[in-house]
J.: 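Please read through the structure below; I'll follow up with questions.
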Number of protein chains: 2
Amino acid sequence: MTLSPLHPPSPGGARTGIPTGIPAGMPSGRLLAPSRRAVPTAIGRAPISGSETLKSVATALDVLECFALDDELGVSDIARRLGIAKSTAHRLLSTLCSRGLTEKNPDTGQYRLGLHLYELGQLAQSRLKLRQTALPLLEDLRRVSGLSVHLGVIDGADIVYAERLETPAGRQLLAGVSRRWPSHCTSSGKAIAAFNAELAQARRDIGFPPRTTGTIRSVADYDLALAETRRLGVGIGHGEAVAGISSVAAPVRDLSGRAYASISVVGPSSALIGDLDRTARLVRTVAGHIAHRLSA
Amino acid sequence: MTLSPLHPPSPGGARTGIPTGIPAGMPSGRLLAPSRRAVPTAIGRAPISGSETLKSVATALDVLECFALDDELGVSDIARRLGIAKSTAHRLLSTLCSRGLTEKNPDTGQYRLGLHLYELGQLAQSRLKLRQTALPLLEDLRRVSGLSVHLGVIDGADIVYAERLETPAGRQLLAGVSRRWPSHCTSSGKAIAAFNAELAQARRDIGFPPRTTGTIRSVADYDLALAETRRLGVGIGHGEAVAGISSVAAPVRDLSGRAYASISVVGPSSALIGDLDRTARLVRTVAGHIAHRLSA
DNA sequence: GTCCACTGTCCCGCTCAGTGGGACACATGC
DNA sequence: GCATGTGTCCCACTGAGCGGGACAGTGGAC
């Protein structure tokens, strides 16, 4: 878990995560594969370190992850997925509901994520210094480019979009598109990994799960793409995450040159191919401005 | 916790929350007063029912609430606030960090809310059927009115904004403004409470904490304001939550006439007073359309 | 109508997981 | 220098959380 880049400036600062014994690449798959416990067949992942976690709390958080794939789940569903007793699942859900992190649908009797979780999430987002600084510039970029704009940050071997400013068209295009992506299948991931050896290595270690026919699948192709990204100064993605959607991303780098975030524009492939050069220049410029403000 | 209105259509459906023994008005103060346990002097609130909650999970969630008021907190801070041992706080934080709900700032050694919490919150928001349905109409409203637009929903005796579409000016105006407000000091709260006796009563039971000099402070004034809201068909707020900010809200009502959400436009008082009538009509119309779509 | 298989909720007794106290190294300030 | 703070780690005790099982209610197949 690479933490510091989200709250710059911390150029060249220590990048150590907390010593929980969890491998650096772990978070990948969160919200994609809902929880480690739920996926006992997970590909080569170490089990959660037993030393630093509270079992019941960890299980409660596993319950939340279960909702990554399904809107609503019943007590038995969750008990089955997590391999716990039905009574335990019921107890966990009741506790989560009492704080509004989950809700019970009175019509179906099923449970779902709750309003208070959204509230806490908004709070977390509003605290991101990177986002606070970048927001006005991202607005400008959306206006000038006429495209949806993403602010990407690192989490493990993935990219998470900490902000997404939509255009009316982009809102439809991206509706339901995840906030988290493996870093090899997005322009943002390439832009950051090209200037961040740690992220690149974390991704190599975990591998290259395909999303579309165009997704990078081998270390060789990956390294080639990163080299090209370094040459251009921007990462480019054509339908490697979602077919038909392209994007251009520029890294936000600290004084040492290391990338810790990215900004990108996203749109239908047809719209982006036209004046790729102009778009690339635009995105690079804005990323530079953000980096400058954060270093001050 | 009034759950069903967030995922309409459920006109006239049962509105019972889960039977956790927690009084209906409880959630009020969440994110304002971080946690019940943290506020042993809380005014007449029943303690958390011991029967349905897992203690360690509940404490872990209390930890999250602690961050409502402060960006960053240390282990000792949290232990002191929650009245738990330092080692316990440390264990809880480690567990939360291992799942990304909190993060440790390597520079300060303090803890803060984590990126994954934001991710989960986005997921919760994207699942709200009310929001999904309303979004395109809210966009229209923003464009036509040129003002920031809020989608308000009920939680306990409070209003939570489940969506907030900003204008460039509104973004500055509302930066850092909470997502949760007691229902007596916002136009949204008035719009819903005027057509929702349960919310109105929950607010009367809890009381009327003042936010500005203009905030309603008595039951008499409150009932007067609700009557006026019923007469106009919209709720109006002039600097009752934040000085200098006004808003106009219309209720979204189910087939039985009961309000379960609101849409509102927000701006500097000076900008709204001008053509209040036109704005009110506009907001009412859009709210009607949303209600219609949700009843279908 | 009667099965059956499934649900969510609740109760209870066993035991292990979570608790607080305390030790420790380190940092800050008088 | 000492005093007081911090975060992290260890350990022994015990009560909190676990699973098993009972129960009522539901929905579908027949």
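Numbers restart at 1 for each chain; the letters A, B, ... are given by sequence-line order, proteins then strands. It should be emphasised that the depicted structure is a prediction, and the values quoted were computed from it without experimental measurement.
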J.: Select from A/S56 and A/V75 the residue whose nearest nucleotide in DNA chain C is closer to the 5' end of that strand.
T.: A/V75
J.: Grab the NZ-P distance between A/K55 and C/dT19 for me, whole Å please.
T.: 14 Å
J.: Would you please say whether a donor-acceptor pair under 3.5 Å links the side chains of A/Q125 and B/Q122?
T.: no
J.: Among D/dC18, D/dG19, C/dG8, which is the nearest nucleotide to the side chain of A/K104?
T.: C/dG8
J.: Do A/R180 and B/E119 have side chains that approach each other closer than 4.5 Å (heavy atoms only, starting at C-beta)?
T.: yes
J.: Can you find a side chain N or O atom of A/T88 that sits less than 4.0 Å from OP1 or OP2 on D/dG17?
T.: no
J.: What I want to check is whether an N or O donor and acceptor connect the side chain of B/K86 with the base of D/dG7 at under 3.5 Å.
T.: yes
J.: Please state whether the phosphate of D/dG17, meaning OP1 or OP2, lies under 4.0 angstrom from any side-chain nitrogen or oxygen of A/R91.
T.: no
J.: At under 4.0 Å, does any side-chain N or O of B/Y111 touch on OP1 or OP2 of D/dT6?
T.: no
J.: Let me know the distance between CG of A/L54 and P of D/dC18, rounded to the nearest Å.
T.: 11 Å
J.: Considering only heavy atoms from C-beta outward, does the side chain of B/V57 approach that of A/L54 to under 4.5 Å?
T.: no
J.: Is the phosphate of D/dG7 approached by B/S76 (side-chain N or O, under 4.0 Å from OP1 or OP2)?
T.: yes
J.: Would you say A/R80 places a side-chain N or O within less than 4.0 Å of OP1 or OP2 belonging to C/dC6?
T.: no
J.: Take atom CD1 of B/I78 and atom C1' of D/dT8, then tell me their distance rounded to the nearest Å.
T.: 15 Å
J.: Counting heavy atoms from C-beta on, name the nucleotide in C/dT9, D/dG7, D/dC18 closest to the side chain of B/Q110.
T.: D/dG7
J.: With a cut-off of less than 4.0 Å, is there a side-chain N or O of B/H90 near OP1 or OP2 of D/dG7?
T.: no
J.: Take atom CG of B/D62 and atom P of C/dT19, then tell me their distance rounded to the nearest Å.
T.: 12 Å
J.: Any N or O donor-acceptor pair linking the side chain of A/S87 to the base of D/dG20 at under 3.5 Å?
T.: yes
J.: Hey, does the Lys NZ or Arg CZ of B/R253 hover above the aromatic six-ring of B/F195, less than 6.0 Å from the centre and inside 45° of the axis?
T.: yes
J.: Can you check the B/L93 CG to D/dC9 P distance for me, whole Å?
T.: 13 Å
J.: In whole Å, what is the span from the CD1 atom of B/I84 to the P atom of D/dG7?
T.: 12 Å
J.: Taking atom C1' of C/dC6 as reference, at what distance in whole Å does atom CG of A/D77 sit?
T.: 11 Å
J.: Distance check needed: C/dT7 P versus A/D107 CG, whole Å only.
T.: 20 Å
J.: If you define the side chain from C-beta out and look only at heavy atoms, does anything of B/S56 sit under 4.5 Å from A/K55?
T.: no
